[in-house]
Trainee: 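Just dropping this structure here.
Each chain gets a letter, A, B and so on, in the order its sequence line appears, and its residues count up from 1.
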Amino acid sequence: MEVYITGVGLTKVGRHFDLGLRELAARAALEALDSARVDKVDAVIVSSTLSYREAGQFDLAGHLAGALGLKGAQTFAVEAGDASGLAAVEAACSLIRAGSAGRVLVVGVDKLTDYVSSRVYRDLQRLYEAEVQALYDIGHAGVAGLLARLYMERFGVSRDTLSYWPAMDHSHAKHNPYAMLPFAIDPAAVPKALKVAEPLTLLDSFPLGDGAAALVLESEPHGDARAKVVLATSAAGYPSFTMNEDPLAPESVGEVAARLREVTGIAPVDVDVIELGDTFTSIGLILAESLGLSEPGRAAVDAMEGRFTLGGDGPVVNPSGGLKARGHPVGATGVYMVGELALQVSGEYPGLKVDGARRGLAVIASGDGSSAHLVLVEGVA
Amino acid sequence: MSMDLSVPETWRVKGALYRLEAARCKACGRIHYPPMPACPYCGSRDLERVTLPSEGVLESYTVVYAVPEGSRHKAPVLLGLVRLGRVRVVAEITDADPSELRTGMEVEAVLRRIRSDREAGIIRYGVMFRPKLKGGSRGG
């Protein structure tokens, strides 16, 4: 059974001090329902990673369904760390393909600005293995810093070259009305910014922001479909980055790329547009190389040479601005990605538009790299 | 500030955090840390507990300035990716100035305070690594 994306709702990522978690989620959800021109759904799936620690709400999906007047809907919460949003889309597709639901509302939401950043770092470090590793004060960026130094030393890549990755994200984000940081940055400013986890700085890291994004997925296109979901899959249970034989080549990401080839016959490099879960510069480079978009050690150089931007010879990567500049409201991010890709392949994207884009790919690895999630969407026109 | 450190949690992790207890897979021979019910490399549940060596090599390191709540007084926190024989461990580095850290340097395990909970009085200790002492010239 096909799965069509009929509705998309995106809020600007930022500091929504005036909106509670449920209000922010409702704003995206209502926009998605309106854009699909529907007001009833069979199921609501909420994707949120930090909300129960930050906002203290259990059964968020049930409360949200009530707030939206969606009487009688089945409700579920999906949490898969950094990749929660893609996992929620995967779950929605499974419900539809199994015939259990004809129309599903997926809502991703998180608020990271209601408390001081040091508290949020404490919560975010639980994205790593929390029974031993995260008992140390590794913060949210510690492992990404370790990987950045490994990367630089192994490939002889300079700190200045790394900076072209976040600069690429920012140069794309300046066109995105939903980006938290819609402005370009000078790559030379990156190493001089506030240090987060050396060699990484604040300009290598996703900003702490609030956001909500929503999708309506349906088994019937009913004339308004933007895109269809060709593949939504994930692979967990692999060694983490630091446990893996090669910390810079996570097996989990290799596995979802292999599945993409098996199911569709195409490789990541064959799609038109890609949104990557580049929480930090080092993670962005590792993802790009593990997906085969660049040779090992080359992703930052490729970004510098414009391979991943409009007019480059690779797929356009992170036209939204990526996690660095669109932002990473953790549980919402995957839903943003799929919404943005649906608008790209339907020609409606309001930011950096990839003309004629037919296929869009979203990939996020979990914080420790032990699992990876992938969604491929395709235009229906 | 209360950190609400859990007493049972602190007790549970003492093998891994105090003694570097790991698990060796009898099927594939790989060792993983911390020990889990099944081998993350091959899936076998035929495991035995082993203790990791207390000396190793620093494969990578970082200086964390974005330090979590409750530990800001420790900033910056030094963090290392340490190779102990065939296993890599992520742990804090101590007794070192950031400028003296180098990849490839020898390090050794020491037991140190990770965090304390002032109101409840819980103090959590764990293994950290310091540059290996040469001829006992440094205090421990």
Trainee: Please classify the contact of Ala91(B) with chain A as side chain, backbone, both or neither, using a heavy-atom distance under 4.5 Å.
Mentor: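 For Ala91(B), the contact with chain A is made by backbone and side chain together.
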Trainee: What distance do Gln125(A) atom CD and Glu69(B) atom CD have between them, rounded to the nearest 0.5 Å?
Mentor: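 Output value for this atom pair is 11.0 Å.
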Trainee: Identify the heavy atoms of Thr62(B) and Ala197(A) that sit nearest to each other, and give their distance.
Mentor: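 Closest heavy-atom pair between Thr62(B) and Ala197(A): OG1-C, 3.1 Å.
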Trainee: Could you check Val132(A) against Tyr33(B) for side-chain contact (heavy atoms from CB on, under 4.5 Å), going step by step and ending with a plain yes or no?
Mentor: CA-CA 9 Å; Val132(A) 172; Tyr33(B) 173 88; 3.8 Å; yes
Trainee: Among Glu198(A), Arg119(A), Glu129(A), which residue forms the greatest number of heavy-atom pairs with chain B at distances under 4.5 Å?
Mentor: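 Top option by heavy-atom pairs under 4.5 Å: Glu198(A).
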Trainee: Need one label for Glu245(A): side chain, backbone, both or neither, based on atoms under 4.5 Å from any heavy atom in chain B.
Mentor: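 Both the backbone and the side chain of Glu245(A) come within 4.5 Å of chain B.
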Trainee: Can you tell me which portion of Arg124(B) sits under 4.5 Å from chain A's heavy atoms? Options are side chain, backbone, both or neither.
Mentor: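 Side chain only.
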Trainee: State, to 0.1 Å, how close Pro40(B) and Met243(A) come at their nearest heavy-atom pair, and which atoms those are.
Mentor: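 Taking Pro40(B) first and Met243(A) second, the nearest heavy atoms are CG-CE, 3.6 Å.
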Trainee: Going by heavy atoms in the side chains, are Pro247(A) and Arg88(B) under 4.5 Å from each other?
Mentor: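 With C-beta onward as the side chain, the pair touches.
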Trainee: Report which part of Glu131(A) has an atom under 4.5 Å of a heavy atom belonging to chain B: side chain, backbone, both, or neither.
Mentor: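 For Glu131(A), the contact with chain B is made by the backbone alone.
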Trainee: Check whether any side-chain heavy atom of Asp137(A) lies under 4.5 Å from a side-chain heavy atom of Val64(B), and answer yes or no.
Mentor: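 The answer is no, as the side chains (C-beta and beyond) never meet within the 4.5 Å cut-off.
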Trainee: If you count every heavy atom of other residues, nucleotides or ligands that lies below 6.0 Å from Tyr41(B) atom OH, does the total exceed 12?
Mentor: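 Above 12, so yes.
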Trainee: Please test Tyr121(A) against Val67(B) for side-chain contact (heavy atoms from CB on, under 4.5 Å), starting from the C-alpha separation and ending with a verdict.
Mentor: CA-CA 7 Å; Tyr121(A) 297 151; Val67(B) 176; over 6 Å; no
Trainee: Provide the closest heavy-atom pair for Arg115(B) versus Ala134(A) in the form atom of the first, atom of the second, distance.
Mentor: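 Heavy-atom minimum between the residues: NH2-O, 4.2 Å.
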Trainee: With the side chain counted from C-beta on, respond yes when Glu153(A) and Thr103(B) share a heavy-atom pair under 4.5 Å apart, and no when they do not.
Mentor: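 In contact.
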Trainee: Verify the neighbour count for atom NZ of Lys192(A): are there more than 12 heavy atoms of other residues, nucleotides or ligands below 6.0 Å?
Mentor: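 No.
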Trainee: Name the region of Leu135(A), side chain, backbone, both or neither, that has any atom closer than 4.5 Å to a heavy atom of chain B.
Mentor: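 Contact with chain B involves both backbone and side-chain atoms of Leu135(A).
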Trainee: Side chain, backbone, both or neither: which part of Val127(B) has a heavy atom under 4.5 Å from chain A?
Mentor: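 Both backbone and side chain.
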Trainee: Between Val63(B) and chain A, which part of the residue has a heavy atom less than 4.5 Å away: side chain, backbone, both or neither?
Mentor: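 Both parts, backbone and side chain.
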Trainee: List the residues meeting side-chain hydrogen bond (donor to acceptor under 3.5 Å, both in side chains) with Arg53(A), not counting sequence neighbours, and say none if there are none.
Mentor: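 Checked Arg53(A) against side-chain hydrogen bond (donor to acceptor under 3.5 Å, both in side chains); matches are Asp123(A).
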Trainee: Donor-acceptor pair, distance only, cut-off 3.5 Å: does the side chain of Arg149(A) make one with the backbone of Tyr61(B)?
Mentor: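 Side chain of Arg149(A) to backbone of Tyr61(B): a pair is present.
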Trainee: Near Arg83(B) CZ, under 6.0 Å, is it more than 12 heavy atoms from other residues, nucleotides or ligands?
Mentor: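 Yes, the 6.0 Å shell around CZ holds more than 12 heavy atoms from other groups.
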Trainee: So, do Lys195(A) and Pro76(B) sit near enough that their side-chain heavy atoms are less than 4.5 Å apart?
Mentor: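 A side-chain contact is absent here, since even the closest heavy-atom pair is not under 4.5 Å.
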Trainee: With a 4.5 angstrom heavy-atom cut-off, could you sort out which part of Val77(B) is near chain A: side chain, backbone, both or neither?
Mentor: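 The answer is the side chain of Val77(B).
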Trainee: Report yes if some heavy atom in the side chain of Tyr65(B) is under 4.5 Å from a heavy atom in the side chain of Leu200(A); otherwise report no.
Mentor: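 A side-chain contact is absent here, since even the closest heavy-atom pair is not under 4.5 Å.
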